[in-house]
Every structure is written in C-alpha cells, then in structure tokens.
Number of protein chains: 2
Amino acid sequence: MISFGKFIKTEREKKGWSQTELGALIKVNTPLLSRIENDKKTLAFDKVKLLADTFEMDYQQVKDLYFADKTAKAAYKYKCSENVFTVAEKQFEYIKAANSIQGKLKF
Amino acid sequence: MISFGKFIKTEREKKGWSQTELGALIKVNTPLLSRIENDKKTLAFDKVKLLADTFEMDYQQVKDLYFADKTAKAAYKYKCSENVFTVAEKQFEYIKAANSIQGKLKF
DNA sequence: TCAATTTTGCCCTAAAAGGATAAAATAAAT
DNA sequence: ATTTATTTTATCCTTTTAGGGCAAAATTGA
C-alpha cells in the first residue's frame, strides 16, 4: 500500500508524463503537484474526478484511496488505535441506515 | 453506535449535568456545546483529553471515537464505499511500519 | 554544459473551524 | 399560569489552514 502522493507519481510515470504535463490535465501547477506527490500537500477534492478520468481509472476507487489516505494519516498523527477503523465503519453503517429512513437527511 | 455528539449528551446526562455545567468543565460555552451535541459543530481536538478525564473514561478510547466519528461522516458525505476503511487501515499499518524504521518521521 | 524537470522557499487568499454574545424557544417547577 | 432553568438558534468575529501561485534553487539527464 502506498500513499496517495506516491500513487499519483507512479501512475503519472506509467503514462510517461512530466509533472507539468499531468498538472496541465488536472489543473494543478507543477510546484504544487510536486508537493502533492511527496505528501507535503493534498490534492483538492474537486480534482479527484479529473485525476481518475485522466488516469482512466474508476472514480469510486480513486476517491476511496484519496479518503483512506487522509484518514490513515490523521489516525497516525493523532495516535489512534487500530480499532478506530472498525468503529468508523460501524458509525458509517449507522449513518447510512439512519439516513435511508426517508426524509432524515442529517449529517 | 451513536455519533460523538450524542455520546457527549448521553454521558453528560448520566452525570446529571446541564450543558452549562459540563461546558465549564471542558471549557466550551453553552451554545457551542449544544451545537456539538447536535452534531452541528465539532469539539476542538484539544478538548478531548479534558472530556475523557471529566467523564472518567479512557482517553485513547474517547479519542478513537472522536476520529471514528469524523471519518464516518466524511465517508458518508463524500459517498465512499465501505472498503475505504479497510484501505485506510492498511495504509495506517504501512505508515506505522515505515516510520518505525528509525529516523523516518515523515507524514 | 545546457535543457528539462523537480523541488524548495515564500507569500497570498478564500474558506472553514472554533468560539462568543444576545435572543428565542423549550422544558421544568412553583 | 408564570417564573426560572435549560437548550437551541441567529449572527458575528477571529484565527487557522487549505490550496494555490511565482521565483529561484536543485536535481536529472541529454
């Protein structure tokens, strides 16, 4: 498993693109893309769809990777235990269930 | 499984405290605590330790709940799939392993 | 050694997070 | 039925951070 930054770098190189080239496609300038690939900045969420399309990959999957990365980094930074993920998943299911009961569109 | 807001409300009522009373203990004013309990605002992270102490609960556990809640809400909001949590956990383990190799303190 | 590419150092702006006060709404108690 | 206590809502304000930008330095490699 690699970080989202390294994921971008890997896929970019597979395509044989420079940072500037990929940057033009996903609307991110070169210095910023460099930082993103090195996990010093994060890609803005609204660029993720564009990125998935550019890489010809499934949006849902790329999006999941994007958030997984953010979650993992926060969990590490704040010294969470491993079961934070299990708890999160349960909470997630709970919210989904609660909101699928017509009309309740909280959170 | 309940939200972090409802968790606070539940524990507060167990102790028989008003929002103002608990608020004084954890340094949060009443209107803000109301919003927090109703999941309209989030508790600042630096108050979590104080909250755990006040409730006489394990900090690690409360902290995990705090981040689980944030994660779950983001995952729901951005329509992630359920396996975002599994991916996140793998990523988490990867980061931990990478950083346990002396000196590497990235992320 | 020149040219392309990547990285770093700053700086700027817009958005969001966290917090505060006053006032309205609800609930409880007398 | 009115007070009184409690909770919620309406705004507003300040500080932080995310995301982005330019210029220059560093690295890679032809």
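The model shown is predicted, which means the values in this text are computed figures rather than measured ones. Numbered from 1 within each chain, the chains take letters A, B, ... in sequence-line order.
Distances shorter than 4.0 Å separate none of the side-chain N or O atoms of A/N29 from OP1 or OP2 on D/dG20. Contact annotation: A/T30 does not reach the phosphate of C/dT5 (side-chain N/O to OP1 or OP2, under 4.0 Å). Remark: A/S34 is in phosphate contact with C/dT7, judged by side-chain N or O atoms under 4.0 Å from OP1 or OP2. Remark: A/R12 is in phosphate contact with C/dT6, judged by side-chain N or O atoms under 4.0 Å from OP1 or OP2. Remark: B/K47 is not in phosphate contact with C/dG18, judged by side-chain N or O atoms under 4.0 Å from OP1 or OP2. Put simply, A/K40 has a side-chain N or O that comes within less than 4.0 Å of OP1 or OP2 on C/dT8. At C/dA4, none of the side-chain N or O atoms of A/T20 fall inside 4.0 Å of OP1 or OP2 (strictly under the cut-off).
Side chains of A/K9 and A/N38: a donor-acceptor N/O pair is absent below 3.5 angstrom, by distance only. Under the 3.5 Å distance criterion, with hydrogens and angles disregarded, no donor-acceptor pair is assigned to the side chains of A/S3 and A/D69.
Whole-Å rounding puts the B/Q19 CD to D/dT9 P distance at 11 Å. What separates CD1 of A/I36 from C1' of D/dG20 is a distance of 9 Å, to the nearest Å. Per the geometry, CG belonging to A/L32 stands 12 Å off P belonging to D/dC22, to the nearest Å. If you take CG of B/D46 and C1' of C/dA17, they are 12 Å apart, rounded to a whole angstrom. When rounded to the nearest whole Å, the span between CG of B/L33 and P of D/dT9 equals 14 Å. Distance, B/R35 CZ to C/dA16 P: 17 Å, rounded to whole Å. Note: NZ (A/K9) to P (D/dT27) measures 14 Å, nearest angstrom. Rounded to an integer number of Å, the gap from CG of B/N38 to P of D/dT7 is 11 Å.
With salt bridges taken as basic N to acidic carboxylate O contacts below 4.0 Å, one links B/K73 and B/D39. Between A/E82 and B/K96 there is a salt bridge, since at least one side-chain N of the basic residue sits less than 4.0 Å from a carboxylate O of the acidic one. Salt-bridge annotation for A/E11 and A/K6: absent, with no side-chain N of the basic residue lying under 4.0 Å from a carboxylate O of the acidic one.
For A/A44, taking side-chain heavy atoms from C-beta onward, the closest of the listed nucleotides C/dG19, D/dG20, C/dA22 is D/dG20.
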